[in-house]
Each structure stands twice: as structure tokens, then as C-alpha cells.
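Single-structure report; data block below.
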Amino acid sequence: MKNMAVCNYIISLLGLLISACIMNAASEFPLEFSVNGPGPGFWPFSLGAALGVAAVILFVYTFLHKEDLSQTRVALTLPANRRVYLMMGVITIYCVLINLLGFYPASAVLIPIVMYFMDYHDKKVIALTTVCTIIFIYLVFGELLHTQMPQSIFLE
């Protein structure tokens, strides 16, 4: 078991690292405002910045309350945490698959897996949700907003 202060410092560091990665990836898309509104990179960049701010706030809070937080123990190995760790692994694999397969095929793999892990097992609803979600994303982002979704590295 670890104490809460150590866990908070680790989460702050990971949050800053992920924030930097998100903002870096979003900066490859246009960020500026046009007559149609913000560029496609604006909101992901903003979310990355918000994550960075939250990580800094957590770090400062932990630093100011480290005596109290050092007394609080965190049990990382509880069986109840298994689903969280599984989802973290699935999201990590999804990020890799986006680069290998492209956004749409990776999402077609992710959505059913997430639904299954969340204890939803109706195969017809899972399939319908997957297809409808991907079609919706394609229509809104691909056609309406003209956003280029990540492509497979094999197609570049």
C-alpha cells in the first residue's frame, strides 16, 4: 500500500505528461478561429491545457497538505480496481491502434470492448451502437466539419 501523497505526485506527473502529448498532437491541427468557429485542434488543445492545469492544482494541493495525505493509505491491488486497470490497458492499446489502423477501425474495435467490459452483453445493441457511433462521428467531423481523422501509418 502506498500513501495518498505519493500517488498524487505520480498522478500529477502523468497528468502533465499526457497534457503535453495531447497539446502537441492537437497543435498539428489548425487552432485559429475562422468564420466557421475554432479550428479542429482548438478543443483538444484546450482539454489538454485543462488537464495540465488540473495536474498542477493537484500537485500544489498535495504539497500544501502532504502531512495529512501521507497518513492516508491507498490500496492499489484491490480486486475492485481490476476493471480500472483493464480499461487503462484498453485505452492504451486503442491509442496504438489509431496509429496502426486509423481512427475508424480502431474505434470499431474499442467501442464493443468498452461496452463488454462495462457488463453490457447484448451483441445486437453493441453492434448497432458501434456502427451508429462511427457513422455519427464520420458525418459530423468528417463531412460537416471537414476534419481529417487519423489515418493508418500504412496508408500514408
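Hydrogens, waters and symmetry mates play no part in the numbers below; they use all other heavy atoms, side chains included. Just so you know, residue 1 is the first one in the sequence shown, and it goes up from there.
- The local environment of OH in Tyr9 is crowded, with over 12 non-hydrogen atoms from other residues, nucleotides or ligands closer than 6.0 Å.
- The closest donor-acceptor contact from the side chain of Ser152 to the backbone of Leu100 lies under 3.5 Å.
- Under a hydrophobic clustering in which Ile, Leu, Val, Met, Phe, Trp and Tyr are joined whenever their side-chain heavy atoms come within less than 4.5 Å, directly or via other members, Ile111 and Phe117 fall into the same cluster.
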Output side-chain donor-acceptor pairs under 3.5 Å for residues 48-69, partner residues at least two apart or in another chain, one line each.
residue : atom : partner : partner atom : Å
Thr62   : OG1  : Asn8    : ND2          : 3.1
Thr62   : OG1  : Leu58   : O            : 2.8
His65   : ND1  : Tyr61   : O            : 2.9

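- Between the CG atom of Leu86 and the CZ atom of Arg82 there is a distance of 5.0 Å, given to the nearest 0.5 Å.
- Every pair passing side-chain hydrogen bond (donor to acceptor under 3.5 Å, both in side chains) that includes a residue from residues 128-146 is listed here, sequence neighbours excluded: Tyr138-Glu143.
- Screening residues 17-26 for side-chain hydrogen bond (donor to acceptor under 3.5 Å, both in side chains), with sequence neighbours left out, gives no hits.
- Remark: Ile135 engages Val131, Leu139 in a side-chain contact (heavy atoms from CB on, under 4.5 Å) (not counting sequence neighbours).
- Among residues at least two apart or in separate chains, there is no salt bridge (Lys or Arg N to Asp or Glu O under 4.0 Å) pair with a member in residues 53-64.
- Contacts of Tyr120 classified as side chain to side chain donor-acceptor pair (under 3.5 Å), with partners at least two apart in sequence or in another chain: none.
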Apply the test side-chain contact (heavy atoms from CB on, under 4.5 Å) to residues Ile137 and Phe103: give CA-CA distance (whole Å), side-chain angles for both, the deciding distance (0.1 Å), then the verdict. CA-CA 10 Å; Ile137 292 170; Phe103 176 80; 3.6 Å; yes
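- Applying the salt bridge (Lys or Arg N to Asp or Glu O under 4.0 Å) test to every pair with at least one member in residues 14-27, sequence neighbours left out, gives no pairs at all.
- Partners of Asn81 according to the side-chain contact (heavy atoms from CB on, under 4.5 Å) rule, which considers only residues two or more places apart in sequence or in another chain, are Leu78, Tyr85.
- We find the SG-CD1 distance between Cys95 and Ile18 to be 9.0 Å, quoted to the nearest 0.5 Å.
- Both Phe136 and Met149 are members of a single hydrophobic cluster when ILVMFWY side chains are connected at heavy-atom separations under 4.5 Å.
- Contacts of Cys7 classified as side-chain contact (heavy atoms from CB on, under 4.5 Å), with partners at least two apart in sequence or in another chain: Lys2, Val74.
- Hydrophobic clustering of Ile, Leu, Val, Met, Phe, Trp and Tyr side chains at less than 4.5 Å, counting indirect connections, keeps Leu13 apart from Met23.
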Audit row: Met4, Arg73, side-chain contact (heavy atoms from CB on, under 4.5 Å) steps and yes/no: CA-CA 6 Å; Met4 184 65 80; Arg73 297 285 172 217; over 6 Å; no
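- Under the salt bridge (Lys or Arg N to Asp or Glu O under 4.0 Å) criterion, the residue pairs touching residues 107-123 are Arg83-Asp119, with sequence neighbours excluded.
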Could you walk me through whether Asn3 and Gln71 pass the side-chain contact (heavy atoms from CB on, under 4.5 Å) test, one step at a time? CA-CA 7 Å; Asn3 70 55; Gln71 303 303 319; over 6 Å; no
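- The cluster map of Ile, Leu, Val, Met, Phe, Trp and Tyr, joined by side-chain heavy atoms under 4.5 Å apart, puts Leu144 and Ile134 in different clusters.
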Test side-chain contact (heavy atoms from CB on, under 4.5 Å) applied to Ile93 and Leu110, step by step: CA-CA 9 Å; Ile93 292 169; Leu110 173 78; over 6 Å; no
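- Side-chain heavy atoms closer than 4.5 Å link hydrophobic residues (I, L, V, M, F, W, Y) into clusters, and following such links, even through other members, never connects Leu47 to Phe141.
- Residues satisfying the side-chain contact (heavy atoms from CB on, under 4.5 Å) test with Ser46, not counting sequence neighbours, are Phe42, Trp43.
- Within 6.0 Å of the CE atom in Met88, the count of heavy atoms belonging to other residues, nucleotides or ligands does not exceed 12.
- Rounded to the nearest 0.5 angstrom, Ile91 CD1 and Leu97 CG are separated by 11.0 Å.
- Within the structure, side-chain hydrogen bond (donor to acceptor under 3.5 Å, both in side chains) contacts touching residues 87-101 (residues at least two apart or in different chains) are Tyr94-Ser107.
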